[in-house]
Amino acid sequence: MPGADKEADLTERIEAFLADLKRGGCGTGPIRGSGETARETTALLRKVTAQARWSSAGDLMEIIRKEGRRMTAAQPSETTVGNMVLRVLKIIREEYARSRGSSEETDQQESLHKLLTSGGLSDENFRQHYVHLKANVIEAINELLTELEGTTDNIAMQALEHIHSNEVIMTVGRSRTVEAFLKDAARKRKFHVIVAECAPFCQGHEMATNLSKASIETTVIADAAIFAVMSRVNKVIIGTQTVLANGGLRAVNGTHTVALAARHHSTPLIVCAPMFKLSPQFPNEEDTFHKFVSPHEVLPFTEGEILSKVNVHCPVFDYVPPELITLFISNIGGNAPSYIYRLMSELYHPEDHDL
Amino acid sequence: KKHQKKQKERKNEKGPSETEKDKTPVSLLPPPQPVATQKALPAPASAPIPVPASAPFHSSPAPSPADKPAKSKAELKAERRARQETDRAAKQPGSSSSGIKTKVPLSELNPVVKRLPEHVQVDDPAVVKRLAKKLERQQKGQNLGRNLERNQIPLRSDYGYKVSLFSHLHQYSRKAPLTQLLSIPSTVIHPSIVRLGLQYSQGIVAGSNARSVALLHAFKQVIRDYTTPPNEELSRDLVNKLKPYISFLNQCRPLSASMGNAIKYIKKEISNIPSQCKEEEAKTKLLTCIDRYIEEKIVLAAKAISKYAIEKISDGDVILVYGYSSLVNNILCEAFEKSRKFRVIVVDSRPRLEGREALRRLVQRGISCTYVLISALSYILPEVSKVFLGAHALLANGYVMSRVGTSQIALVARTYNVPVLVCCETYKFCERVQTDSFVSNELDDPDDLMVTRKGKTQLENWQDVSSLGLLNLVYDVTPPDFVDLVITDLGMIPCTSVPVVLRVKNLDQ
């Protein structure tokens, strides 16, 4: 039966996606970049919406939540997956409200005024059935997909507003967003880029070769030389893995040192992060914040004699507090870190924050 | 002198008003000259002083002789000014000759500007040519009567693309050591020096103390094998013999501050040998001097520093160290022997990975250790209670020159409010001043930054890409506000007391 085939196909795709996520946690980064992960997640959720059997918005939300929990459990550090699930849930809520006819736009925020005047919880149980809900939701998810495809270009378009000629820019490790950003600026302006290699994975090397192929003057430095070189740097432009709810970053390790050195020299720190990296998590969980990979990267097995007597750590991420960041550049423009909470409340509904 | 000066000025006053214009420049020349010769030492400070004195003289003959009363007023003012300046100038050398015992003479407070070393002027072609000529001259002096077909101490050439900010420094490749260009056996350079140079350039002997001790041992061998040629004095000839060796070692790897101080000491000892001293006696005297230097400045200093440092280590401490510092390792081993309970976190960095050597030695003693790379510093620092750092040199403005990455550690430690203690012997104190890590540094082989991961070397062909450069710095400077305490063999001092220690040392000598 065609229905059963399609269902089997869907579950197969989801399983393949989960396997990729699990494998991609080896430290050198996921097999695909976070942009691709976001698009793949959204495409899968669209398929789920199209093929699963549901009668009301509440059912659909339950299904999406279940799939979302499975996906985030496969790789907790890959937050874009969870972010996309939350976006889709928000889309469903909006479409439901629009079908019902109430103007949801004013009721988005949990404002103090609303709490005082509404008196009691809103009893939305999303049980009503609307005919066109499915089509509307799928259309909205398509819009989301188009937005996702254009994020890197949107960010790169803003490059000329932030980079002047003969500047010295420092960056850490490898970020596809920052690469596109700098390449776009290099078409019109001449500047110099210093890349910190970011041991032990040394992704900075790949970044440097890509930038130099675009005829940008690039220099590779070791992580230890970051503070030594910072006094001649005009701007620091970095990418990140996640933007946290307080405006802080969960970025590749070594970024906190760069941020501190930049603050010491009063150098602006610019973070290029598309909106799908914004996550409602807070950084206060010490145990769950960090992700570790095999210490073989740090102390290889060739040092066999001392390996058993020594503790070796290889954390992947660093926390950068929002006070050290000057500017966020995202696909919707530039923002200060203090504005992130507002953007987050527009993207996700507060009731969805815990999947 | 003042009276003479006034007379000359009065003569010149009458001169411009009576004689023609072109005579005045000639008459103006004498007054600046004696003024300039009066002040020998504070020359840069006082050089502009005679010039304003002469300027009014220049302007005065220009207007017509009709404005005599106005001219004379201007001339009087100029004369008064010139007199004030000569008074001021006369006072300065006068104060030094007054011979107040406790005051340091002026020549020490305003030293003459030192000549910049060649290894930080690589971008100046005139300096490079001068160095080549100097090398030729030095070896010609050794081989009187022997003709050489080619240059025995060649000039080492730079390797690879140099980052523009560092074009004034040398960048050598480890695969092309200087010794390959020498003939075997080298008639100009003593074989133990050749071996030492090779050990330096390949990184076999590394670390400030190790390099100084190796240098001193090699010099001992040179002195043992030395014979005074006829009609020469040992005190002068031996110093001249050492000069090409030092240039050779400098080319193999730029001298460290500790080596520079050791060489200064040896040269002083050699030139202080009385001329009537017999050769054997002089040689044994020099050898004992060198042994004593090593014993006092390095071995005993390490013991004294350990004694002070152990007071700062308490039970339950988590101590962070960076890279391999022989002194800090010594301190930790001694503290462990005195049964202090602590654990150590060793931070390491690419491309040298010296921390592994420190890790091995500490683990051998039985100290419990943790090992991370420098990019994981923010993760590990909340656990740390103290940071112990070694130094390559302590500069006169309080900055600490050490292995690259030290300033980063001090910065992040300060953010987490962890105390930073620097351990350094006094023989590494240096009179240079430096505020950034660019002007005077060392560039290591850029190929060291390449790494092969999963069979792929990303930067393999970096030489072919014109816009790609690799930067491998060796040293960096840490500002004194990041350092809480410096432990030396003279005691525990703050970073800003380094010039005081230098002054005390200079007065002693």
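Sequence lines set the chain letters: A, B, ... in the order given, protein chains first and strands last, and positions in each chain run from 1. The figures that follow rest on heavy atoms only: side chains count, while hydrogens, waters and symmetry mates do not.
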Take B:Phe438 and B:His168 through the ring pair (Phe, Tyr, Trp, His ring centres under 6.0 Å) test and state the conclusion after the steps. CA-CA 9 Å; B:Phe438 289 85; B:His168 61 287; 8.6 Å; no
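- Using a cut-off of 4.0 Å between Lys/Arg side-chain N and Asp/Glu carboxylate O, B:Glu337 and B:Arg365 are scored as salt-bridged.
- Ion pairing between a basic and an acidic side chain is recognised when a charged N comes within 4.0 Å of a carboxylate O; A:Glu323 and A:Arg263 show no such pairing.
- In this structure, a donor-acceptor pair under 3.5 Å is present between the side chains of A:Thr219 and A:His192.
- Interface remark: A:Val229 contributes backbone and side-chain atoms alike to the contact with chain B (heavy atom separation under 4.5 Å).
- Across B:Ser437, B:Pro382, B:Ser407, B:Gly469, the residue that shares the most heavy-atom pairs under 4.5 angstrom with chain A is B:Gly469.
- Of the charged side-chain nitrogens involved, at least one lies within less than 4.0 Å of a carboxylate oxygen, so that B:Arg253 and B:Glu442 count as a salt-bridged pair.
- Under 3.5 Å, the side chains of B:Arg361 and B:Tyr324 contain a donor-acceptor pair of N or O atoms.
- With a 4.5 Å cut-off on non-hydrogen atoms, A:His264 touches chain B through its side chain but not through its backbone.
- At a threshold of 4.0 Å, the pair B:Glu383-B:Arg343 counts as salt-bridged, since one of the basic side-chain nitrogens sits closer than that to a carboxylate oxygen.
- Chain B forms more heavy-atom pairs under 4.5 Å with one residue of A:Pro295, A:Ala199, A:Ala196, A:Ser215 than with any other, namely A:Ala199.
- Interface remark: A:Leu211 contributes no atoms to any contact with chain B (heavy atom separation under 4.5 Å).
- Only the side chain of A:Glu197 comes within less than 4.5 Å of a heavy atom of chain B; its backbone N, CA, C and O stay farther away.
- Looking only at heavy-atom pairs under 4.5 Å with chain A, the residue among B:Gly366, B:Pro446, B:Ser375, B:Gly405 that has the most is B:Ser375.
- The choice from B:Asp476, B:Leu471, B:Val477, B:Ile380 that makes the most heavy-atom pairs within less than 4.5 Å of chain A is B:Leu471.
- Ranking B:Ser467, B:Cys369, B:Ser349 against chain A, the residue ahead of the rest is B:Ser467, based on heavy-atom pairs under 4.5 Å.
- Electrostatic pairing of B:Glu357 and B:Arg360 counts as a salt bridge here, judged by a charged N lying under 4.0 Å from a carboxylate O.
- Of the listed residues B:Val363, B:Leu353, B:Leu411, the one with more heavy-atom pairs under 4.5 angstrom with chain A than any other is B:Leu411.
- At a 4.5 Å heavy-atom cutoff, the contact between A:Asp318 and chain B is made by side-chain atoms alone.
- Considering only heavy-atom pairs separated by less than 4.5 Å from chain A, the leading option among B:Val404, B:Leu468, B:Asn472 is B:Leu468.
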